[in-house]
Amino acid sequence: MKFTVRPAEEKDSEALGRMGAALARLHHDFDPPRFMLSEDLEQGYSWWLGKEAKSKKAVVLVAEAEDGRIIGYAYGRIESRDWNMLLDAHGGLHDLWVEPEARTYGVGEKLTRAAVEALTKLGAPRVVLHTAARNEVAQRFFKRLGLRPTMVELPVEAEKS
Ligand SMILES: CC(C)(COP(=O)(O)OP(=O)(O)OC[C@H]1O[C@@H](n2cnc3c(N)ncnc32)[C@H](O)[C@@H]1OP(=O)(O)O)[C@@H](O)C(=O)NCCC(=O)NCCS
């Protein structure tokens, strides 16, 4: 499959909304109490990613197939030092999505490498991402690209009286 990776533009806003919403739903399905959902997910992500694409501290990239279809995106931003997490300033790679029909062709790898490069150019000394404990495909994928697992998140819901 032939595709290119480029910075997101205004015209990508619908595709970004669709893919951002799909990523949110995937996480919600992994663990519904932990991964919240809101109404108007498509609209919300279209707005947020469109806004972030204009920020000098963020990176929003899309993968475009030869026929013009948007088949994936990556989103990251520069995050400041966080004492609670013992995590110094870094590039947070927050979203990565490849449309199901476009997977295993190297789109995810190219998006990830381009996002890491762009965040590094913005000054990030390292890039950090979080992935769901149940997302084994993603964990294998990121490990292959050289990212290492560090934190394990353990939520518990309040007991109802
Ligand atoms: C995780 C995800 C981004 C990977 O995207 P992708 O485009 O399929 O990634 P790649 O094609 O670069 O690599 C995927 C696999 O295909 C293989 N592959 C890559 N190019 C290939 C090719 N040309 N032919 C056959 N296989 C190939 C890779 O070896 C890799 O296998 P591995 O991960 O078991 O080592 C994608 O599955 C996805 O969007 N998942 C849902 C969202 C998600 O989990 N996002 C990450 C968490 S935020």
Side-chain angles (χ1 to χ4, degrees), residues 1-9 12-38 40-53 55 57-79 82 85 87 90-120 122 124 126-155:
M1 172 184 288
K2 285 197 179 153
F3 63 93
T4 51
V5 167
R6 61 165 173 80
E9 298 170 22
D12 304 315
S13 108
E14 194 187 326
L16 287 171
R18 178 187 74 233
M19 295 186 291
L23 185 60
R25 289 195 182 99
L26 173 77
H27 282 81
H28 182 72
D29 290 347
F30 280 140
D31 188 332
R34 162 60 182 84
F35 294 102
M36 64 179 214
L37 277 189
S38 68
D40 297 332
L41 270 182
E42 277 79 1
Q43 207 184 324
Y45 272 95
S46 171
W47 168 78
W48 173 248
L49 293 170
K51 180 169 156 337
E52 286 293 88
S55 165
K57 288 191 159 192
V59 170
V60 184
L61 302 173
V62 294
E64 182 172 357
E66 226 175 354
D67 61 7
R69 272 178 313 131
I70 300 301
I71 52 173
Y73 84 103
Y75 158 58
R77 58 177 293 129
I78 298 295
E79 302 293 354
D82 183 333
M85 294 288 283
L87 181 55
H90 64 282
L93 182 48
H94 297 299
D95 294 4
L96 176 70
W97 176 266
V98 176
E99 295 283 43
E101 73 278 7
R103 289 180 189 163
T104 75
Y105 293 104
V107 179
E109 177 170 348
K110 196 157 183 189
L111 277 168
T112 304
R113 291 194 191 284
V116 169
E117 192 183 320
L119 287 166
T120 304
L122 289 180
R126 77 191 51 77
V127 170
V128 179
L129 72 85
H130 298 90
T131 188
R134 287 189 52 199
N135 196 349
E136 287 166 13
V137 171
Q139 286 164 36
R140 201 175 55 230
F141 166 81
F142 290 123
K143 203 168 170 194
R144 184 173 59 80
L145 295 189
L147 289 88
R148 63 184 186 280
T150 45
M151 289 290 285
V152 178
E153 183 186 271
L154 302 168

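Because the structure is predicted, anything quoted here is derived from the model rather than measured. Whatever order the structure lists ligands and atoms in, that order sets their numbers, starting from 1.
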Are any of the N/O atoms in [X] less than 3.5 Å from those in ligand 1?
X      : answer
Thr131 : no
Val137 : no
Leu96  : yes
Ala138 : no
Asp95  : no
His130 : no

For the [atom1] atom on [X], are there more than 12 heavy atoms of other groups (residues, nucleotides or ligands in this structure) within a distance under 6.0 Å?
X      : atom1 : value
Glu101 : CD    : yes
Glu14  : CD    : no
Tyr105 : OH    : no

Return the [atom1] to [atom2] distance between [X] and [Y], rounded to the nearest 0.5 Å.
X     : Y      : atom1 : atom2 : value
Glu9  : Leu16  : CD    : CG    : 10.5 Å
Leu26 : Arg134 : CG    : CZ    : 9.5 Å
His27 : Asn135 : NE2   : CG    : 6.0 Å

[atom] [closest protein heavy-atom partner, distance rounded to 0.1 Å]:
atom                    : value
atom 8 (O) of ligand 1  : Thr104 N, 2.8 Å
atom 38 (C) of ligand 1 : Arg103 NE, 3.4 Å
atom 12 (O) of ligand 1 : Glu109 N, 3.0 Å
atom 34 (O) of ligand 1 : Arg140 NE, 2.9 Å
atom 11 (O) of ligand 1 : Gly106 N, 2.7 Å
atom 7 (O) of ligand 1  : Gly108 N, 2.8 Å
atom 9 (O) of ligand 1  : Phe141 CE1, 3.4 Å

Set of ring-ring contact (aromatic ring centres under 6.0 Å, His included) partners for His90, sequence neighbours left out: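 ring-ring contact (aromatic ring centres under 6.0 Å, His included) check on His90 returns nothing, list empty.
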*asked:* Quick check on contacts: which atoms of ligand 1 are under 4.0 angstrom from a heavy atom of Trp97?
replied: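 Selected atoms, number and element: 39 (O), 41 (C), 42 (C).
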Which one holds for [X] and ligand 1: side chain close, backbone close, both close, or neither close, with close meaning a heavy atom under 4.0 Å?
X      : value
Leu26  : side chain
Asn135 : side chain
Arg144 : side chain

Heavy-atom protein contact below 4.0 Å for atom 46 (C) of ligand 1:
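It does: a protein heavy atom is found less than 4.0 Å away from atom 46 (C) of ligand 1.
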Of Leu61, Val107, Val98, Asp95, which meets side chain to side chain contact (heavy atoms under 4.5 Å, CB included) against Tyr73?
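Result: among Leu61, Val107, Val98, Asp95, Asp95 is the only option passing the side chain to side chain contact (heavy atoms under 4.5 Å, CB included) with Tyr73.
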inquiry  = Restricting to non-hydrogen atoms, name the atom on Ala15 and the atom on Ile70 that form the minimum distance, rounded to 0.1 Å.
reply    =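 Heavy atoms only, the tightest pair is CB-CB, 3.7 Å.
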- Task: Please step through salt bridge (charged side-chain N to carboxylate O under 4.0 Å, His left out) for the pair Glu136 and Lys143, ending with a clear verdict.
- Result: CA-CA 10 Å; Glu136 287 166 13; Lys143 203 168 170 194; over 6 Å; no
Checklist line | Cation over ring face, Arg103 and Trp97, 6.0 Å, 45° | finding: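 Because its charged atom sits under 6.0 Å from the ring centre and within 45° of the axis, Arg103 does stack over Trp97.
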Which of the listed options, Val98, Leu93, Thr112, holds the heavy atom that is closest to atom 39 (O) of ligand 1?
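Comparing heavy atoms across Val98, Leu93, Thr112, the nearest one to atom 39 (O) of ligand 1 lies in Val98.
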Discussion item. Between Glu52 and His94, do the side chains contain a donor N or O and an acceptor N or O under 3.5 Å apart?
Written reply: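 There is no such pair (donor and acceptor under 3.5 Å, judged by atom type) between the side chains of His94 and Glu52.
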